[in-house]
Amino acid sequence: MGKELEFVSKITKNPCQDFQLFNFISDFRNIATMFPPEVKEKISVTEDTITINAMAGMSITLSVLDKEPSKLLKLGTAGNEMFCIWIQLKQVAPYDTRIRITLRANVPLIARPMIKKDKMQELVDNLAFALSQIPAYQMQ
């Protein structure tokens, strides 16, 4: 039986409208354009899925599991609640959208020693920061 771990990012902000950021991030093809070439070679992307080839013979596919327009995007592994990411958006003023990332992972007992909590926290904080840096002109 696994233990659920949860990591919540710092709240960041992007100077855009919530619907602009939501429309951009809810289509993985847009996100893929931001990856460096060496990463692009290791992924395949559709509107609702991204498959990452981690190493020879091992890949993971993230899918859009749920959408609440302009507010929430839930990502996870298809058919498996082992790993989920929530991207929450809240527009607090025109051109002021706040971003928070929550990652939940059901980690099997045998894998727990391999999980570095500080690295997982850094991952969600970096993802929230990256979303805050997407320029509005790129979302058109």
Considering all heavy atoms, the nearest [X]-[Y] contact:
{"X": "Ser9", "Y": "Ala128", "result": "OG-CB, 3.6 Å"}
{"X": "Cys16", "Y": "Thr97", "result": "O-OG1, 2.8 Å"}
{"X": "Ser26", "Y": "Leu73", "result": "CA-CD2, 3.8 Å"}
{"X": "Ala32", "Y": "Ile43", "result": "CB-CD1, 4.2 Å"}

Linked hydrophobic residues, Trp86 as query - side chain contacts closer than 4.5 Å
Leu72

Determine whether [X] and [Y] make a side-chain contact, defined as any pair of heavy atoms from C-beta on separated by less than 4.5 Å.
{"X": "Ile31", "Y": "Ile50", "answer": "no"}
{"X": "Phe24", "Y": "Ile134", "answer": "yes"}
{"X": "Leu62", "Y": "Phe83", "answer": "yes"}
{"X": "Met120", "Y": "Leu103", "answer": "yes"}

Which side-chain hydrogen bond (donor to acceptor under 3.5 Å, both in side chains) pairs, counting each pair once, include a residue from residues 10-19, with sequence neighbours left out?
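Non-adjacent pairs meeting side-chain hydrogen bond (donor to acceptor under 3.5 Å, both in side chains): Gln17-Gln91.
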
Which pairs, with at least one residue in residues 30-48 and sequence neighbours excluded, count as a side-chain hydrogen bond (donor to acceptor under 3.5 Å, both in side chains)?
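Residue pairs with at least one partner in residues 30-48: Thr46-Thr49.
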
Could you state whether [X] and [Y] fall into the same hydrophobic cluster, counting links through intermediate Ile, Leu, Val, Met, Phe, Trp or Tyr residues with side-chain heavy atoms under 4.5 angstrom apart?
{"X": "Ile11", "Y": "Ile25", "answer": "no"}
{"X": "Leu123", "Y": "Ile52", "answer": "yes"}
{"X": "Leu127", "Y": "Val39", "answer": "yes"}
{"X": "Val64", "Y": "Ile60", "answer": "yes"}

Gap separating the [atom1] atom of [X] from the [atom2] atom of [Y], nearest 0.5 angstrom:
{"X": "Lys67", "Y": "Lys74", "atom1": "NZ", "atom2": "NZ", "result": "14.5 Å"}
{"X": "Leu21", "Y": "Ser132", "atom1": "CG", "atom2": "OG", "result": "9.5 Å"}
{"X": "Phe22", "Y": "Ile99", "atom1": "CZ", "atom2": "CD1", "result": "13.5 Å"}

Partner set under salt bridge (Lys or Arg N to Asp or Glu O under 4.0 Å) for Arg100, not counting sequence neighbours
none

Kindly write out the residues that satisfy salt bridge (Lys or Arg N to Asp or Glu O under 4.0 Å) with Asp96, not counting sequence neighbours, or none if the list is empty.
Arg98

Who pairs with Asn126 by side chain to side chain contact (heavy atoms under 4.5 Å, CB included), at least two apart in sequence or on another chain?
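Asn126 satisfies side chain to side chain contact (heavy atoms under 4.5 Å, CB included) with Glu122 only.
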
side-chain contact (heavy atoms from CB on, under 4.5 Å) assessment of Leu131 paired with Ile101
CA-CA 10 Å; Leu131 295 179; Ile101 310 292; 3.8 Å; yes

